[in-house]
There are 2 protein chains.
Amino acid sequence: MKSYRSFKAGDVILWRGEPLEFVASMVQGVASLSKTLEDGRTQMVGLLLPSDFIGRPGRKQIEFDVTATSDVTLCCFDRVPFERLVDETPHVAQRLMELALDELDAARDWMLLLGRKTAREKIATFIEMLARRGRSNTSNLTAQSELPMTRDQIANYLGLTLETVSRQFNALKKEGIIDFKNRHQFEVKDIIALNEATGDDADGGVLS
Amino acid sequence: MKSYRSFKAGDVILWRGEPLEFVASMVQGVASLSKTLEDGRTQMVGLLLPSDFIGRPGRKQIEFDVTATSDVTLCCFDRVPFERLVDETPHVAQRLMELALDELDAARDWMLLLGRKTAREKIATFIEMLARRGRSNTSNLTAQSELPMTRDQIANYLGLTLETVSRQFNALKKEGIIDFKNRHQFEVKDIIALNEATGDDADGGVLS
DNA sequence: CGTGTTATTGATAGGTTTCAAGTTCGGTGG
DNA sequence: CCACCGAACTTGAAACCTATCAATAACACG
């Protein structure tokens, strides 16, 4: 009933519409949920990080593709016994509800970003999000952080083109707000300015 | 524990961050969920129609404003007894989970629209959505439908400006795809063309 | 019938995309 | 170990779409 499965960067984990035979928990790596228009334009509609959950009780299929962004390891459970577990354990059902509501909040934040933010604001928001994670609270927010995707994937996440992503990264670098150790390691040099560049309300209670 | 409350078009039903004292079910009218950036740009992140539910078990506040788009009547329940009900009735908890997952799917469709669709595609998608509702299945999709919001509200829903909304409506009218009886009553004259204008995959199984 | 709100229409400006070269980087095989 | 090769990224110029600004028109309500 429980098993581990691995995927290499770029592998498709689940296709849209495919019958859902298992649910899973992310063990390591980054995966993305994405939707595609008829002519090939795509938009990521979610990001899966370690400890995130794939699958939904009561649904036999999903409306988006799930793709491994980096190498991914999943801990999978057969769907049928899992659903029995959910039915019998109110605590588990409640936890799944929590997760769904968290995802919904995240989706709505992203809708604001996609619909109303400029390219610069989108990039700043994305960087701030990455920098905030890992270094979960007080400790120095200005340390090295990992950029876990290519420019093209970032563009699909932010509703931009890869060229615009590249330009905005380098603009922020030129202004001394961030710096790159290499293409996938960056450091925030000026959190205040970064936060101002997001277009959001001041600090969100994280800055001193 | 149960009561009815009315709001006039434009009234704010709930402010972001306000402690949530009740949950509610929409009885009549249209309400919208929206988020606002520091400088006033706003984006609707959801639409509430009759029978939709407001509130989330286990959460004491919400991360967006809820505003009455038209005159609205709500059927309200005090939060505390409602949560007791949810805890004690697995069937209700399950139903709420369903609703949350439906909202999540809708939010993700909207992310694709906001991130990747052109103004024309956004308008076409919006119109098709309105036309599909009410007339829930087979019966003539090409009847009068109601436009339940102002151009400005539509713009905030689609991530556009009101001028662009107006121009795209009139472009589709000029092409004979839709027609307006007045500013808030329209008719779809050519569903095929409308569907093609959405940018989505063919028909979604609704056309013959 | 005014009067204010909502919608249309036009002209212009601006931000992103698109198209097109280059460049850097990491890995691979000679 | 180094040269090469392809993928990922950067950079530039032009085109295009949408926003912005501004004026007019249509509508709804008293």
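Note on naming: letters A, B, ... go to the chains in the order of the sequence lines (proteins, then strands), and numbering restarts at 1 for each one. All values derive from a computational prediction rather than experimental measurement.
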For this session: Check the distance between C/dG26's P and A/Lys181's NZ and give it to me in whole angstrom.
Result: 11 Å

Problem set entry | Value in whole Å for how far the P atom of D/dT18 lies from NZ of B/Lys117 | 14 Å

Exercise. Is any side-chain nitrogen or oxygen of B/His184 closer than 4.0 Å to OP1 or OP2 of C/dA7?
Worked result: yes

Exercise. What pairs with B/Arg59 under salt bridge (Lys or Arg N to Asp or Glu O under 4.0 Å), at least two apart in sequence or on another chain?
Worked result: A/Asp102, A/Asp105

Exercise. Under 4.0 angstrom, heavy atoms only, what part of the nucleic acid is B/Gly10 near: base, sugar-phosphate, or nothing?
Worked result: nothing

For this session: Would you mind reading off the distance between B/Gln153 atom CD and C/dT5 atom P, rounded to a whole angstrom?
Result: 15 Å

Seminar exercise, completed: Taken to the nearest whole Å, CD/B/Gln185 to P/C/dT6 is 18 Å

Exercise. Considering only side-chain heavy atoms of B/Thr150, which listed nucleotide, D/dC9, D/dA19, C/dT6, is closest?
Worked result: C/dT6

Problem set entry | Residue met sooner reading DNA chain C from 5', once A/Gln168 and A/Asn182 are mapped to nucleotides | A/Gln168

Exercise. Got a sec, which residues hit salt bridge (Lys or Arg N to Asp or Glu O under 4.0 Å) with B/Asp109, two or more places apart in sequence or on another chain?
Worked result: A/Lys35

Exercise. Angle, rounded to 10°, between the helical axes spanning five pairs at each terminus of the helix from C/dC1-D/dG30 to C/dG30-D/dC1?
Worked result: 40°

For this session: Mind calculating the distance between CD (B/Glu121) and P (D/dC17) to the nearest angstrom?
Result: 12 Å

Exercise. How many angstroms lie between CD1 in A/Ile178 and CG in A/Leu194, if you round to the nearest 0.5 Å?
Worked result: 7.5 Å

Problem set entry | Residues that A/Arg151 engages under salt bridge (Lys or Arg N to Asp or Glu O under 4.0 Å), provided they are two or more places apart | none

Exercise. In whole angstrom, what separates A/Phe186's CZ from D/dC9's P?
Worked result: 14 Å

Problem set entry | Presence of salt bridge, B/Glu103 and A/Arg108, under 4.0 angstrom | yes

Problem set entry | Distance flag, aromatic centroids of B/Phe169 and B/Phe180, threshold under 6.0 Å | yes

For this session: State whether A/Glu128 and A/Arg132 are salt-bridged, where the test is any N-O pair (Lys NZ or Arg NE/NH1/NH2 against Asp/Glu carboxylate O) under 4.0 Å.
Result: yes

Seminar exercise, completed: Per-nt protein contacts along nucleotides 8-13 of chain C (heavy atom under 4.0 Å; B base, S backbone sugar-phosphate only, - none) come out as BBBB--

Exercise. Whole Å only: how far is the NZ atom of B/Lys8 from the C1' atom of D/dC29?
Worked result: 15 Å

Exercise. Can you name the residues that form a salt bridge (Lys or Arg N to Asp or Glu O under 4.0 Å) with B/Arg120, not counting sequence neighbours?
Worked result: B/Glu175

Problem set entry | Pair A/Trp110-A/Leu158, side-chain contact (heavy atoms from CB on, under 4.5 Å): steps then yes or no | CA-CA 8 Å; A/Trp110 222 245; A/Leu158 299 176; 3.5 Å; yes

Exercise. Can you tell me how far C1' of C/dA7 sits from CD1 of B/Ile154, to the nearest Å?
Worked result: 11 Å

